[in-house]
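Below you'll find the structure, written out as structure tokens, and then a few comments.
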There are 2 protein chains.
Amino acid sequence: MKSEKVTDEARRRSYHDACGTAHGLELAGDRWALLVMRELMLGPRRFGDLRASLPGLSANVLTQRLAELEAAGILRRRRLPAPAGAQVYELTEWGYEGETVIQELGRWAARSPGHDPTLPLSPVSLMLSMRTMLDREAAAGLTLAIGFRHGDSLFLARLARSALPIARVDDLDGADAVFVADQPPAVAALLYGGVPAEVLEGQGALRIEGDREAALRYASLFRLPPKAGG
Amino acid sequence: MKSEKVTDEARRRSYHDACGTAHGLELAGDRWALLVMRELMLGPRRFGDLRASLPGLSANVLTQRLAELEAAGILRRRRLPAPAGAQVYELTEWGYEGETVIQELGRWAARSPGHDPTLPLSPVSLMLSMRTMLDREAAAGLTLAIGFRHGDSLFLARLARSALPIARVDDLDGADAVFVADQPPAVAALLYGGVPAEVLEGQGALRIEGDREAALRYASLFRLPPKAGG
DNA sequence: CGGCATCCGGGAAGATACTG
DNA sequence: CAGTATCTTCCCGGATGCCG
């Protein structure tokens, strides 16, 4: 019967499992879905922004993921006020709360022996990693405003009381210091790879503006978790 | 050229992304992979156990997932000592640490408007949910040993100092009280659905042995997070 | 250019049957 | 019981084209 077929089709992707984890996989377990959420974690983005940050994700799949995430109530599409008029995709409040999932998965996977931290990295991905990998003990008592410029993307990280809110901004006027790097992996090499700032600056991969001491102090606050098994 | 093709094929499943989250998806982002890990969280299981706990997962896919998780260092296969001689799958130490990922995903997804808590639930899934949904404030100062019997599966939950270690056991001798339910959803209805124990007992879905007051006290310590948006 | 539909090839998932 | 072999179905990913 056709009607039974429809039921089967509707069930096809379901795990038929009351477990919240299983439901989470139905919501965001499709390929690329969680990475689309990641790219939206620091504010609304346009279709093309998302494509640029996720090379390998084709337009049709992105369209499909956006529709599924919207249907699930994780994001909404919004039209910017004139004159921009462009359409952007924005997480709902609940969608933003998915950051803990992204963080825990990232923290756990960073311990994998197979993790290769030298691959390309999107600006948002780098900024989010700081919130995950901040050594909150080492940061206790420190108050710093650090800016980041990756091409056109500007971010401001405001460290205070061991919390590290990060926002996309239009200018970096309030920053104590600013890291300028066309390629986010350069900053990652400094924060996580132990590569000295001087080396990166010598390669032209990184520039530090403003209070250099504050910048280096900030850079010392991050640490990757130890590798598993090895 | 063929050799370039091979490279492309090797890359097919990779996200080419240094982000830990992306690597996590390569490790455990395939369909069913995280649920296989979930079923192993409370100790080694056999191939058939896993199949029984994950209806809808076919044998060939399970074989493939087990091989991939083993290659990633998340689990190992081990042969039980004679006379059992059976082969079991067991998480590595790092694999067990993936529980935080499962918890965060479950906690977040439980807030989805689309979550249906009346679906079937595996015994392990129910037991793990208690660790996620325990109201640690309400549990402060309480010390309880509560047993669970679902068919042949016996578990002992030892609440103490707001921690809730749970282990698969061979007998429930040390328990203050024991919940007996052939279908785990019956216990879920009590803990999360607000269904009174008397109703479930009247339906024959649940039996409480031992210290009834301790059992009901325990059952009052769990709460689902509020639904998002609504 | 942004967004989305359509077609195609390859490969993964799912169901069934079979083997040690 | 623990997988393997086979076949079908459908998703992913790339290319093309349409439309505002």
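Naming convention: chains lettered A, B, ... in sequence-line order (proteins, then strands); numbering from 1 in each chain. All values reported here derive from a predicted model rather than from experimental measurement.
Taking only side-chain nitrogens and oxygens, B/Tyr89 comes nearer than 4.0 Å to OP1 or OP2 of D/dG3. The shortest distance between the side-chain N/O atoms of B/Trp32 and the OP1/OP2 oxygens of C/dA12 is not below 4.0 Å. The side chain of A/Arg45 contributes no N or O atom lying less than 4.0 Å from OP1 or OP2 of C/dG2. For B/Gln87, no side-chain nitrogen or oxygen approaches OP1 or OP2 of D/dC1 to under 4.0 Å.
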Using side-chain contact (heavy atoms from CB on, under 4.5 Å), reason through A/Met37 and A/Ile74 one step at a time and then give a plain yes or no. CA-CA 8 Å; A/Met37 288 177 62; A/Ile74 294 168; 3.9 Å; yes
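Rounded to an integer number of Å, the gap from B/Arg31 CZ to C/dA15 P is 10 Å. The nearest whole Å value for the distance from the CZ atom in A/Arg51 to the C1' atom in C/dG2 is 11 Å. Straight-line distance from the CZ atom of B/Arg79 to the C1' atom of D/dC1: 12 Å, rounded to whole Å. Distance CG (A/Leu50) to P (C/dC1): 17 Å, rounded to an integer number of Å. Regarding A/Glu70, its CD atom lies at a distance of 14 Å from the C1' atom of C/dC4, rounded to whole Å. Distance, B/Leu80 CG to D/dC1 C1': 14 Å, rounded to whole Å. Here D/dG13 presents its P atom at 10 Å from NE2 of B/His16, a figure rounded to the nearest Å.
Using cut-offs of 30° and 60° on the angle between ring planes, the pair B/Phe47 and B/Tyr89 is tilted.
No side-chain donor from either of A/Thr100 and B/Arg107 sits under 3.5 Å from a side-chain acceptor of the other.
Under a cut-off of 6.0 angstrom, the local environment of CD in B/Glu26 is crowded, with over 12 non-hydrogen atoms contributed by other residues, nucleotides or ligands.
The heavy-atom pair separating A/Phe155 from A/Val124 by the smallest distance is CZ-CG2, 4.2 Å.
Contact check of residues 54-66 of chain A against DNA chain D (heavy atom, cut-off under 4.0 Å) returns A/Gly56, A/Ser58, A/Asn60, A/Val61, A/Gln64, A/Arg65.
Between B/Arg207 and B/Glu201, none of the side-chain N atoms (NZ, or NE/NH1/NH2) sits under 4.0 Å from a carboxylate O, so this pair counts as no salt bridge.
Residue A/Arg46 is in sugar-phosphate contact alone, with no base atom involved, counting any heavy-atom pair closer than 4.0 Å across all strands shown.
Not counting sequence neighbours, the partners of A/Glu99 by the side-chain hydrogen bond (donor to acceptor under 3.5 Å, both in side chains) test are A/Gln103, A/Arg131.
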